[in-house]
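These numbers were taken from a predicted model, which means no experiment stands behind them. For this chain, numbers begin at 1 and follow the sequence in order.
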Amino acid sequence: MRTILHGDFLWSKGPEELTTQTGYLVANDGVIEDLYPVLPEKYAGHPVTEHKGAIVPAFCDLHVHASQYVERGLGMDLLLSDWLNEYTFPQEARFADPAYAEPIYDAFIDDLILHGTFAVSAFATIHRGATSYLIRRMEEKGLYGYIGKVNMNCGAPDYLTETTAESLRETEQFLEEFSGNRTAKPILTPRFAPTCTEELMRGLGLLAARYGVGLQTHLVESRWEASAALEGYPDCACDTEIYERAGLMDHGPVIGAHFIFPSAKDIEILKRHNGVAVHCPDATVNIIAGIMETGTLQDRGVAVALGSDIGGGHNIGVCSQAARAVQLSKLKHFYEPENNRQIGFANAFHLLTRGGGQVFGKLGAFEPGYILNALVLDGLHDPGIVRTPAEIAERFCYIGTPANITARYLSGKRI
C-alpha cells in the first residue's frame, strides 16, 4: 500500500527544534520513504491526497490508566492516598467482571483515536481477563501500545490484591499469550513499590528476563510514595533502585511515571537503563503531588515524555498536556528559579510526539523509516490571518478540539 500526502508538515527534530516542510510525503506499507519538495517522476500518476492546515505526527501518551477512564473529572478534591483508597481501588475492583470492563475499554480506545493519540503506555488492573481484552482490542485496531496487567500483593484493599503466586502466574500467562503481538505489546506493571513485596518484585524480574519485556511503574511520584517505598525496602537508597535490584530494568523499555522528587541516585539509575520519565501535568496538580523539573531533568540527561494519567488527570487528549507542561514549567521557574529551567512550546511538542514515540521505535517524526502516524489540524486560523503550522499546532494544544483534526493516518492508512 502506497500513501502520498501533500501539504505543510510539522515535526520535532529535537527538544528545541521544530521543523516545517511543504512537500510530498511518500509512505510504503505505512513506513515513510521520504518527504520530497517535488514529487519524484516515478510517482507521476499515483493518487495524491492534498491537505490544508498542519500535518503533524500523531500523539503519544506514555502514562494512562485505561481502567480509570470512567473516573476522569471525578474525585479531584482528594489527595493521592485518599483518592486511591476511597475512589480508585473500589472502581478498579469492578474490572473482575468482563461485562463491566469491556465497554469501558472500548470507549477508552475510541476516545484515544478521536483525540489523535495512537500510541500509549497503559495500566489496566490486576485482572488478566479484562487486561487481555484491552490488549487484544488495541492490537486489532493497530494502535501502538505497552499494556500492563497490574501487580499488587500488599498495601491495597484485600479485594484488589493477589497472592504472590497468583500475581506471577497470571502475569506469565498474559506474557505468554501476547508477547508475539505486532503493535500492542505487554509490559510488566508493578503499580508502585508500596503495593509489591520484594518476593513479588524478584519474581517479576525473572519474568522480565524470560520474556524480554520492559517495565512501567510510578517513580517518586509524591513524597508519600517515595517514603512508603523505602519503608518496604530499607536496603535500597531510592525508589528506582528497588526495580533495578529486582532485574526489572534490563530487558525492554523503562517508563517511570511522574519522577517528581528524584534523588541524584534515582536519576543516575534511570539514565543507566535509558528510561523515560513521564510528565503528567494535570494529574500532579489534581492530586498535589508536585511539579516535575522538566527542563532541568533534560539538562541532566533524562529523557522525558508526556502522559495524560487518566484518571488522576482529567483530559484524555494528551495534547493538552503539552500546554500544561509549558504552564507548569513557567510557574516552577518563577517561584523556584534555582535549578528550574522553563520550557517552550517546541520542547513540549517534542515530548508529545518524538519524545514519547521513541519508546515504540520509529514513531513521532516525518523522516525515512518512521511509521506514518499523522494528524491533519485545521480550522484554527483567524479572520484575515493565516497561521503557520507551528502556530496551528500550538493553538490546537491550548484550545483545539477533536473537530480540528480533519484527517487521521495510522500506519499509513487513513482511518
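- With 3.5 Å as the limit, one finds a donor-acceptor pair spanning the side chains of Tyr133 and Asp106.
- Ring geometry for Tyr105 against Phe95 counts as tilted: the plane angle lies between 30° and 60°, on a 0 to 90° scale.
- Under a 3.5 Å cut-off, the side chain of Ser12 and the backbone N or O of Gly14 do form a donor-acceptor pair.
- We find that Glu140 and Arg137 are joined by a salt bridge, their nearest charged nitrogen and carboxylate oxygen being less than 4.0 Å apart.
- In this model, no donor atom of one side chain and acceptor atom of the other lie less than 3.5 Å apart for Thr117 and His115.
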ring-ring contact (aromatic ring centres under 6.0 Å, His included) between Phe9 and Phe366: does it pass, once the steps are laid out? CA-CA 8 Å; Phe9 294 85; Phe366 296 133; 5.3 Å; yes
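- Side-chain atoms of Thr3 and Tyr409 form no donor-acceptor pair, as typed in the model, at a separation below 3.5 Å.
- Here Arg324 pairs with Asp282 in a salt bridge; the nearest charged N to carboxylate O distance falls below 4.0 Å.
- Asn347 and Gln298 are linked by a side-chain donor-acceptor pair at a separation below 3.5 angstrom, with hydrogens and angles left out of the test.
- The pair Glu244-Lys265 does not count as a salt bridge, with every side-chain nitrogen at least 4.0 angstrom from each carboxylate oxygen.
- Counted by atom type alone, His258 and Asp309 present one or more donor-acceptor pairs between their side chains at under 3.5 Å.
- Donor-acceptor pairing under 3.5 Å is recorded for the side chains of Ser263 and Asp266.
- A salt bridge does not link Glu177 to Lys149: none of the charged nitrogens lies less than 4.0 Å from a carboxylate oxygen.
- For the residue pair Asp61/Ser308, the side-chain donor-acceptor check at 3.5 Å is satisfied.
- Checking Gln321 against His279 by side-chain atom types alone, no donor-acceptor pair falls below 3.5 Å.
- Note: His63 and His218 have perpendicular aromatic rings, judged against thresholds of 30 and 60 degrees for the angle between ring planes.
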